[in-house]
Structures are given as C-alpha cells and as structure tokens.
Amino acid sequence: LQNWIPRGYFYAFIGMVSLEENNIKSSSSSLNALPVDYTAAIFIETASWMMFVVGCIYVGFGLCCGQRYLYKIRDDYSNRLAERKRIFEEGLQSDTALSRQMIS
C-alpha cells in the first residue's frame, strides 16, 4: 500500500477485528469451559489497540498530506547527500593532484 489513508483504514480494521475476536469471557456455568490465559488476552488486547491507534495516525497523516511532506524531506536529504558525495570526490581528486605535484 503506497497511500497512507487506505493503509490506515486497513490497520484500524485489523485492530478492531482483533479486539472483537479477543473478547473472551469466562463462563463459570459451563463445566467444560477452557481456562482463559489473561496474560495472553491482555497482550492481544494491547497489540490490537496499538494497531488501531497506528491506523488512525496513518489516516490522520494521510489527510494532512504527511506523505508528501515525508517524500519532500527524503528528496531533500538525497539531494544534500549527493552534493556532499560530489564535494568529497572533488576533494579527493584535488588532494591526489596536490600530492602528485609535491612528489614531482
């Protein structure tokens, strides 16, 4: 998923489905009821809420054009990195030329 809004909806949906499926209530009236591992249930519920919150954050950033801002920052960084590499390479070439002149 390239766009953040559908990704956010997907994450929020998975979080909500996970919350609903984890809704385990022990029934003491049933004799053959399986014991509930509350540690695992709390872990699943926490992870589900985190997934839902991350989905909401993705939707929010998608609506606020956060993806374009991120791409702009990445492009600026790659341009600055290319400029630094070019300066470094020119420096190495000029240092090599200077050392050859000193040897001669």
_Donor-acceptor under 3.5 Å (Ser18 side chain, Ile14 main chain)_ =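 No: the side chain of Ser18 does not pair with the backbone of Ile14.
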Is there a donor-acceptor contact under 3.5 Å from the side chain of Asn79 to the main chain of Asp75?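 Yes, Asn79 side chain to Asp75 backbone: donor-acceptor pair under 3.5 Å.
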task = Check step by step if salt bridge (charged side-chain N to carboxylate O under 4.0 Å, His left out) holds for Lys72 and Asp76.
result = CA-CA 6 Å; Lys72 181 180 172 185; Asp76 182 48; over 6 Å; no
For Trp4, which of Leu70, Val59, Leu63 qualifies under side-chain contact (heavy atoms from CB on, under 4.5 Å)?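 With Trp4 as partner, side-chain contact (heavy atoms from CB on, under 4.5 Å) holds for just one option, Leu70.
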Group every Ile, Leu, Val, Met, Phe, Trp and Tyr by side-chain heavy-atom contacts under 4.5 Å, then state whether [X] and [Y] land in the same group.
| X | Y | answer |
| --- | --- | --- |
| Phe10 | Met50 | no |
| Phe13 | Val54 | yes |
| Val53 | Met51 | yes |

Reported [atom1]-to-[atom2] distance for the pair [X] and [Y], which is rounded to 0.5 angstrom:
| X | Y | atom1 | atom2 | result |
| --- | --- | --- | --- | --- |
| Leu81 | Arg84 | CG | CZ | 9.5 Å |
| Arg7 | Phe61 | CZ | CZ | 13.0 Å |
| Ile44 | Trp49 | CD1 | CH2 | 15.5 Å |

- List the steps and the verdict of ring pair (Phe, Tyr, Trp, His ring centres under 6.0 Å) for Phe52 and Tyr11. CA-CA 6 Å; Phe52 179 74; Tyr11 286 171; over 10 Å; no
message = Walk me through whether Tyr58 and Ile5 qualify under side-chain contact (heavy atoms from CB on, under 4.5 Å).
response = CA-CA 6 Å; Tyr58 265 111; Ile5 296 173; over 6 Å; no
Please determine if Arg86 and Glu83 form a salt bridge, counting it only when a charged side-chain N lies under 4.0 Å from a carboxylate O.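 Answer for the salt bridge query: yes.
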